[in-house]
Amino acid sequence: MVSLVRAELRKLLGLPTAWVGLVLGTLTAPAVVLLNAPYTRRAIAAGTLTDTSDLGLRDLGIGLIGPMVLGVIVVSSEYTSTSQDAPGARQLTATLTAVPDRLRLLVAKTTALVLIVAAQAAVTAAATLTLTRVLHGEYVPAPAPARVAAAILYWTLTALLAYAIALITRNGIVPLTLLIINSTVVSVSYLLTKVTDLASYLPDIVGAQMFIRSADFPVEIAPVTAGLVMTAWVVVLLAIGAVLFQRRDV
(Lines give C-alpha, C1' and ligand atoms only; values in the text may rest on other atoms or scores of the structure.)
Protein backbone atom coordinates (compact mmCIF):
# COMPACT_ATOMS: atom_id res chain seq x y z
CA MET A 1 0.00 0.00 0.00
CA VAL A 2 2.86 2.40 0.76
CA SER A 3 4.31 1.96 -2.72
CA LEU A 4 0.84 2.40 -4.23
CA VAL A 5 0.29 5.64 -2.32
CA ARG A 6 3.72 6.81 -3.43
CA ALA A 7 2.82 6.04 -7.04
CA GLU A 8 -0.44 7.99 -6.73
CA LEU A 9 1.44 10.93 -5.23
CA ARG A 10 3.85 10.95 -8.18
CA LYS A 11 0.96 10.63 -10.63
CA LEU A 12 -0.97 13.51 -9.09
CA LEU A 13 2.05 15.79 -8.79
CA GLY A 14 2.92 14.99 -12.39
CA LEU A 15 -0.28 16.64 -13.65
CA PRO A 16 0.10 20.30 -14.77
CA THR A 17 -3.44 21.06 -13.61
CA ALA A 18 -2.57 19.81 -10.14
CA TRP A 19 0.21 22.38 -9.94
CA VAL A 20 -2.28 25.05 -10.96
CA GLY A 21 -4.38 24.02 -7.96
CA LEU A 22 -1.34 23.99 -5.68
CA VAL A 23 -0.15 27.44 -6.75
CA LEU A 24 -3.60 29.06 -6.72
CA GLY A 25 -4.56 27.54 -3.39
CA THR A 26 -1.29 28.47 -1.70
CA LEU A 27 -0.87 32.03 -2.98
CA THR A 28 -4.42 33.38 -3.24
CA ALA A 29 -5.16 33.78 0.48
CA PRO A 30 -1.90 35.61 1.36
CA ALA A 31 -2.38 37.82 -1.73
CA VAL A 32 -5.89 38.76 -0.57
CA VAL A 33 -4.58 39.62 2.91
CA LEU A 34 -1.95 41.87 1.35
CA LEU A 35 -4.38 43.59 -1.03
CA ASN A 36 -6.98 44.14 1.69
CA ALA A 37 -4.47 45.45 4.23
CA PRO A 38 -5.05 49.22 3.61
CA TYR A 39 -8.84 48.84 3.89
CA THR A 40 -8.51 46.65 6.98
CA ARG A 41 -6.24 49.18 8.70
CA ARG A 42 -8.69 52.00 7.99
CA ALA A 43 -11.62 49.91 9.23
CA ILE A 44 -9.79 49.11 12.48
CA ALA A 45 -8.76 52.74 13.00
CA ALA A 46 -12.30 53.98 12.32
CA GLY A 47 -13.81 51.45 14.70
CA THR A 48 -15.99 49.84 12.02
CA LEU A 49 -14.07 46.59 12.40
CA THR A 50 -14.11 45.70 16.07
CA ASP A 51 -13.88 41.91 15.98
CA THR A 52 -10.59 40.95 14.37
CA SER A 53 -10.50 37.38 15.67
CA ASP A 54 -11.27 35.95 12.24
CA LEU A 55 -8.81 38.04 10.25
CA GLY A 56 -6.57 35.73 8.27
CA LEU A 57 -8.69 32.69 9.00
CA ARG A 58 -11.60 34.11 7.02
CA ASP A 59 -9.26 34.83 4.08
CA LEU A 60 -8.34 31.15 3.86
CA GLY A 61 -11.74 30.52 2.28
CA ILE A 62 -10.69 32.19 -0.98
CA GLY A 63 -7.92 29.63 -1.39
CA LEU A 64 -10.34 26.70 -1.47
CA ILE A 65 -10.15 26.67 -5.26
CA GLY A 66 -6.83 24.86 -4.80
CA PRO A 67 -8.09 21.77 -2.95
CA MET A 68 -11.17 21.72 -5.20
CA VAL A 69 -8.98 21.48 -8.29
CA LEU A 70 -6.84 18.77 -6.69
CA GLY A 71 -9.86 16.77 -5.55
CA VAL A 72 -11.41 16.81 -9.01
CA ILE A 73 -8.26 16.26 -11.08
CA VAL A 74 -7.21 13.14 -9.15
CA VAL A 75 -10.31 11.45 -10.59
CA SER A 76 -10.95 13.26 -13.88
CA SER A 77 -7.39 12.63 -15.10
CA GLU A 78 -8.17 8.91 -15.11
CA TYR A 79 -11.11 9.45 -17.48
CA THR A 80 -9.38 11.85 -19.87
CA SER A 81 -8.52 10.47 -23.30
CA THR A 82 -4.81 9.72 -23.55
CA SER A 83 -4.64 10.27 -27.31
CA GLN A 84 -6.60 12.09 -30.02
CA ASP A 85 -6.06 9.09 -32.27
CA ALA A 86 -7.66 6.77 -29.71
CA PRO A 87 -10.40 8.74 -27.89
CA GLY A 88 -11.55 5.60 -26.08
CA ALA A 89 -8.15 5.03 -24.47
CA ARG A 90 -7.99 6.39 -20.95
CA GLN A 91 -5.50 6.36 -18.11
CA LEU A 92 -7.93 4.33 -16.01
CA THR A 93 -7.45 1.28 -18.22
CA ALA A 94 -3.72 1.23 -17.49
CA THR A 95 -4.30 2.03 -13.83
CA LEU A 96 -6.69 -0.90 -13.32
CA THR A 97 -4.36 -3.19 -15.23
CA ALA A 98 -1.63 -2.35 -12.73
CA VAL A 99 -3.99 -2.34 -9.71
CA PRO A 100 -7.06 -4.54 -10.36
CA ASP A 101 -8.31 -4.13 -6.78
CA ARG A 102 -10.49 -1.04 -7.19
CA LEU A 103 -11.08 -0.48 -3.48
CA ARG A 104 -7.36 -0.61 -2.79
CA LEU A 105 -6.81 1.87 -5.61
CA LEU A 106 -9.37 4.28 -4.14
CA VAL A 107 -7.77 4.06 -0.71
CA ALA A 108 -4.39 4.94 -2.24
CA LYS A 109 -5.83 7.84 -4.23
CA THR A 110 -7.68 9.16 -1.20
CA THR A 111 -4.58 8.93 0.98
CA ALA A 112 -2.43 10.72 -1.60
CA LEU A 113 -5.00 13.50 -1.94
CA VAL A 114 -5.29 13.96 1.83
CA LEU A 115 -1.51 14.14 2.28
CA ILE A 116 -1.05 16.76 -0.44
CA VAL A 117 -4.01 18.94 0.54
CA ALA A 118 -3.24 18.80 4.26
CA ALA A 119 0.34 19.88 3.55
CA GLN A 120 -0.87 22.66 1.24
CA ALA A 121 -3.42 23.84 3.81
CA ALA A 122 -0.81 23.90 6.60
CA VAL A 123 1.61 25.97 4.51
CA THR A 124 -1.13 28.34 3.34
CA ALA A 125 -2.54 28.81 6.84
CA ALA A 126 0.91 29.52 8.27
CA ALA A 127 1.73 32.04 5.52
CA THR A 128 -1.67 33.76 5.66
CA LEU A 129 -1.84 34.08 9.44
CA THR A 130 1.80 35.17 9.75
CA LEU A 131 1.30 37.85 7.10
CA THR A 132 -1.87 39.02 8.87
CA ARG A 133 0.02 39.38 12.15
CA VAL A 134 2.89 41.23 10.46
CA LEU A 135 0.54 43.69 8.75
CA HIS A 136 -1.82 44.34 11.67
CA GLY A 137 0.24 43.54 14.73
CA GLU A 138 -1.44 43.70 18.12
CA TYR A 139 -4.85 44.33 16.55
CA VAL A 140 -5.05 40.69 15.52
CA PRO A 141 -4.97 38.05 18.27
CA ALA A 142 -3.10 34.86 17.52
CA PRO A 143 -5.69 32.18 16.67
CA ALA A 144 -5.90 29.14 18.88
CA PRO A 145 -4.10 26.09 17.42
CA ALA A 146 -7.42 24.22 17.40
CA ARG A 147 -8.92 26.80 15.04
CA VAL A 148 -5.95 26.54 12.69
CA ALA A 149 -6.21 22.75 12.76
CA ALA A 150 -9.93 23.05 12.00
CA ALA A 151 -9.18 25.28 9.01
CA ILE A 152 -6.71 22.69 7.69
CA LEU A 153 -9.34 19.99 8.21
CA TYR A 154 -11.88 22.13 6.34
CA TRP A 155 -9.55 22.36 3.33
CA THR A 156 -8.97 18.61 3.42
CA LEU A 157 -12.68 17.78 3.66
CA THR A 158 -13.43 20.21 0.82
CA ALA A 159 -10.92 18.41 -1.38
CA LEU A 160 -12.49 15.06 -0.48
CA LEU A 161 -15.93 16.47 -1.23
CA ALA A 162 -14.79 17.53 -4.71
CA TYR A 163 -13.12 14.15 -5.13
CA ALA A 164 -16.30 12.28 -4.19
CA ILE A 165 -18.47 14.32 -6.57
CA ALA A 166 -16.01 13.76 -9.42
CA LEU A 167 -15.98 10.06 -8.61
CA ILE A 168 -19.77 9.95 -8.84
CA THR A 169 -20.04 11.98 -12.04
CA ARG A 170 -16.86 10.65 -13.75
CA ASN A 171 -16.42 14.20 -14.98
CA GLY A 172 -14.16 17.05 -13.97
CA ILE A 173 -15.76 20.04 -15.63
CA VAL A 174 -19.22 19.81 -14.07
CA PRO A 175 -18.26 19.40 -10.39
CA LEU A 176 -15.38 21.88 -10.60
CA THR A 177 -17.55 24.52 -12.27
CA LEU A 178 -20.34 24.11 -9.73
CA LEU A 179 -18.00 24.12 -6.74
CA ILE A 180 -16.03 27.17 -7.87
CA ILE A 181 -19.15 29.17 -8.74
CA ASN A 182 -20.73 28.25 -5.41
CA SER A 183 -17.65 29.30 -3.45
CA THR A 184 -16.59 32.43 -5.36
CA VAL A 185 -19.32 33.90 -7.58
CA VAL A 186 -22.65 33.25 -5.87
CA SER A 187 -23.12 30.85 -2.97
CA VAL A 188 -26.23 28.82 -3.68
CA SER A 189 -25.86 27.30 -0.22
CA TYR A 190 -25.92 30.74 1.42
CA LEU A 191 -28.97 31.79 -0.62
CA LEU A 192 -30.74 28.63 0.50
CA THR A 193 -30.14 29.60 4.14
CA LYS A 194 -32.46 32.55 3.48
CA VAL A 195 -35.18 30.03 2.60
CA THR A 196 -34.63 27.36 5.23
CA ASP A 197 -32.36 26.97 8.26
CA LEU A 198 -31.68 23.38 7.15
CA ALA A 199 -29.38 24.79 4.46
CA SER A 200 -27.01 25.75 7.28
CA TYR A 201 -26.09 22.07 7.41
CA LEU A 202 -24.89 21.97 3.80
CA PRO A 203 -21.18 21.07 3.79
CA ASP A 204 -19.69 24.41 2.72
CA ILE A 205 -21.77 26.42 5.20
CA VAL A 206 -21.47 24.12 8.17
CA GLY A 207 -17.77 23.47 7.54
CA ALA A 208 -16.89 27.15 7.90
CA GLN A 209 -18.24 27.10 11.45
CA MET A 210 -15.46 24.74 12.40
CA PHE A 211 -13.10 27.72 12.68
CA ILE A 212 -14.97 30.99 11.89
CA ARG A 213 -16.52 32.71 14.90
CA SER A 214 -17.60 36.26 14.05
CA ALA A 215 -19.62 35.63 10.86
CA ASP A 216 -23.39 36.02 10.95
CA PHE A 217 -24.50 32.43 10.38
CA PRO A 218 -28.28 31.79 10.23
CA VAL A 219 -27.86 28.88 12.64
CA GLU A 220 -24.98 28.77 15.09
CA ILE A 221 -23.40 25.32 15.19
CA ALA A 222 -20.67 24.27 17.61
CA PRO A 223 -17.27 23.68 15.94
CA VAL A 224 -17.11 19.98 16.82
CA THR A 225 -20.68 19.42 15.63
CA ALA A 226 -19.91 21.33 12.42
CA GLY A 227 -16.90 19.11 11.82
CA LEU A 228 -18.91 15.95 12.37
CA VAL A 229 -21.66 17.11 10.00
CA MET A 230 -19.24 17.98 7.20
CA THR A 231 -17.35 14.72 7.73
CA ALA A 232 -20.65 12.83 7.46
CA TRP A 233 -21.36 14.53 4.11
CA VAL A 234 -17.94 13.50 2.83
CA VAL A 235 -18.22 9.92 4.09
CA VAL A 236 -21.65 9.41 2.51
CA LEU A 237 -20.61 10.84 -0.86
CA LEU A 238 -17.35 8.88 -0.83
CA ALA A 239 -19.26 5.69 -0.08
CA ILE A 240 -21.62 6.33 -3.01
CA GLY A 241 -18.67 7.09 -5.28
CA ALA A 242 -16.82 3.95 -4.17
CA VAL A 243 -19.85 1.72 -4.83
CA LEU A 244 -20.35 3.22 -8.29
CA PHE A 245 -16.65 2.91 -9.08
CA GLN A 246 -16.73 -0.77 -8.12
CA ARG A 247 -19.75 -1.54 -10.29
CA ARG A 248 -19.07 0.50 -13.40
CA ASP A 249 -17.26 -0.71 -16.46
CA VAL A 250 -14.05 1.07 -17.36
Test log, rule side chain to side chain contact (heavy atoms under 4.5 Å, CB included), inputs W19 and V69: CA-CA 9 Å; W19 282 98; V69 169; over 6 Å; no
Smallest separation among heavy atoms of L179 and A162, with atom names: CD1-CB, 3.5 Å
Which residues share a side chain to side chain contact (heavy atoms under 4.5 Å, CB included) with A199, sequence neighbours left out: L192, T193, T196, L202
Distance-only side-chain donor-acceptor flag, K11 / T95, under 3.5 Å: yes
Residues that A150 engages under side chain to side chain contact (heavy atoms under 4.5 Å, CB included), provided they are two or more places apart: M210, F211
Verify same cluster id: V72, L13 (apolar side-chain graph, 4.5 Å): yes
Shared hydrophobic cluster, L167 / L244 (ILVMFWY, side-chain heavy atoms < 4.5 Å): yes
Main-chain N/O of Y201 paired with W233 side-chain donor or acceptor, under 3.5 Å: yes
Residue pair A159 / V117: nearest heavy atoms and the distance that separates them: CB-CG2, 3.6 Å
Hydrophobic cluster (4.5 angstrom, side-chain heavy atoms) - remaining members for V23: L27
Residue pairs fulfilling salt bridge (Lys or Arg N to Asp or Glu O under 4.0 Å) with at least one residue in residues 108-121, sequence neighbours excluded: E8-K109, E78-K109
Residues that T40 engages under side chain to side chain contact (heavy atoms under 4.5 Å, CB included), provided they are two or more places apart: N36, I44, L49, L55, H136
Under 3.5 Å: donor-acceptor pair, side chain of Q120, backbone of W155: no
Point-to-point distance, once rounded to the nearest 0.5 Å, from CG of L9 to CD1 of I116: 5.0 Å
Residues forming a side chain to side chain contact (heavy atoms under 4.5 Å, CB included) with L238, sequence neighbours excluded: Y163, A164, V234
Transitive ILVMFWY side-chain link L106 to V236, under 4.5 Å: yes
Atom pair CD (E220) and OG1 (T225), whose distance is rounded to the nearest 0.5 Å: 12.5 Å
Evaluation steps, side chain to side chain contact (heavy atoms under 4.5 Å, CB included), between L178 and I165: CA-CA 10 Å; L178 292 175; I165 295 172; over 6 Å; no
Least distance between heavy atoms, A122 atom then I152 atom: CA-CD1, 3.8 Å
Gap between atom CG of L70 and atom OG1 of T158 - 0.5 Å precision: 12.0 Å
Non-hydrogen atoms of Q209 and V219 that approach each other most closely: NE2-O, 2.8 Å
Exam field: side chain R104 to backbone V99, donor-acceptor pair closer than 3.5 Å: no
Interatomic distance, L4 atom CG to L105 atom CG [nearest 0.5 angstrom]: 6.5 Å
Shortest non-hydrogen separation from T124 to A29 and the atoms involved: CG2-CB, 4.1 Å
Separation between CE of M230 and CG of L160, rounded to the nearest 0.5 Å: 8.5 Å
Results of side-chain hydrogen bond (donor to acceptor under 3.5 Å, both in side chains) for D59 - residues two or more places apart only: none
Co-members of L135 in a cluster of I, L, V, M, F, W and Y side chains, linked at under 4.5 Å: V33, L34, L131
Salt bridge (Lys or Arg N to Asp or Glu O under 4.0 Å) pairs, two or more places apart, involving residues 28-50: none
Inter-residue atom distance L113.CG - I73.CD1, 0.5 Å rounding: 11.5 Å
Cluster check F245, I240: I/L/V/M/F/W/Y, side chain < 4.5 angstrom: yes
